[in-house]
**Q** 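One structure coming up, written as structure tokens, with questions to follow.
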Amino acid sequence: MIVCHCQCITDRDIHAAIDWMRAADPATIVTPGKVFRSLGKRADCGDCMTLFLDTMRANANLEVPSDLQNLRPQHRKDKTSCKATPRSSTT
């Protein structure tokens, strides 16, 4: 199926690029830009991006490597209210 008409990219091209990148470097983070570059192309109008991303998400090799998951610091969820002083109404 053609995913990007501007650059003639098919779903098979996208899957092959992701598989190739993951085989070359298992720790790589696969992005749409990297997929375009690996195919020797670049995004043009952007109309394909929704379908492009859906096609990427369907690939089993897209998963972020386990050693790179959950690197974002965990934020505390305080149940305290805002410390701002309420305004007094003069009207």
Side-chain angles (χ1 to χ4, degrees):
M1 166 179 64
I2 294 179
V3 175
C4 178
H5 294 299
C6 298
Q7 298 295 325
C8 296
I9 298 174
T10 66
D11 57 337
R12 289 181 184 180
D13 296 332
I14 294 170
H15 291 299
I18 292 170
D19 295 342
W20 173 78
M21 283 188 278
R22 188 61 74 205
D25 181 6
T28 192
I29 303 295
V30 180
T31 64
K34 287 182 179 181
V35 172
F36 273 106
R37 283 190 296 277
S38 71
L39 296 171
K41 304 179 185 229
R42 59 180 152 168
D44 191 10
C45 70
D47 283 343
C48 66
M49 203 47 62
T50 302
L51 183 56
F52 198 95
L53 291 171
D54 288 344
T55 304
M56 286 180 63
R57 288 183 187 115
N59 190 300
N61 284 327
L62 185 66
E63 183 177 303
V64 175
S66 60
D67 58 329
L68 297 178
Q69 292 177 0
N70 301 320
L71 293 178
R72 182 177 291 172
Q74 299 298 320
H75 295 285
R76 294 184 311 164
K77 292 187 178 182
D78 292 339
K79 300 218 181 223
T80 60
S81 61
C82 178
K83 306 239 189 245
T85 308
R87 292 167 105 187
S88 62
S89 176
T90 58
T91 57

**Q** Would the distance check show the side chain of Lys41 and the main-chain N or O of Gln7 forming a donor-acceptor pair, the cut-off being under 3.5 Å?
**A** yes

**Q** Donor-acceptor pairs are to be reported for all side-chain atoms of residues 14-33 against protein atoms at under 3.5 Å, with residues two or more places apart or in another chain.
**A**
from: His15; atom 1: ND1; to: Asn59; atom 2: ND2; distance (Å): 3.0
from: Asp19; atom 1: OD1; to: Asn59; atom 2: ND2; distance (Å): 3.3
from: Asp19; atom 1: OD1; to: Asn61; atom 2: ND2; distance (Å): 2.7
from: Arg22; atom 1: NE; to: Asn61; atom 2: O; distance (Å): 2.8
from: Arg22; atom 1: NH1; to: Pro26; atom 2: O; distance (Å): 2.9
from: Arg22; atom 1: NH1; to: Thr28; atom 2: O; distance (Å): 2.6
from: Arg22; atom 1: NH2; to: Asn61; atom 2: O; distance (Å): 3.0
from: Arg22; atom 1: NH2; to: Leu62; atom 2: O; distance (Å): 3.4
from: Arg22; atom 1: NH2; to: Glu63; atom 2: O; distance (Å): 2.9
from: Asp25; atom 1: OD1; to: Ala27; atom 2: N; distance (Å): 3.2
from: Thr28; atom 1: OG1; to: Lys34; atom 2: NZ; distance (Å): 3.4
from: Thr31; atom 1: OG1; to: Lys34; atom 2: N; distance (Å): 3.2

**Q** Heavy-atom distance under 4.5 Å between the side chains of Leu39 and Ile9, does that happen here?
**A**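 A side-chain contact exists here, since the closest heavy-atom pair is under 4.5 Å.
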
**Q** Distance-only check: which donor-acceptor pairs under 3.5 Å involve side-chain atoms of residues 42-55, not counting sequence neighbours?
**A**
from: Asp54; atom 1: OD1; to: Arg57; atom 2: NH1; distance (Å): 3.3
from: Thr55; atom 1: OG1; to: Leu51; atom 2: O; distance (Å): 2.8

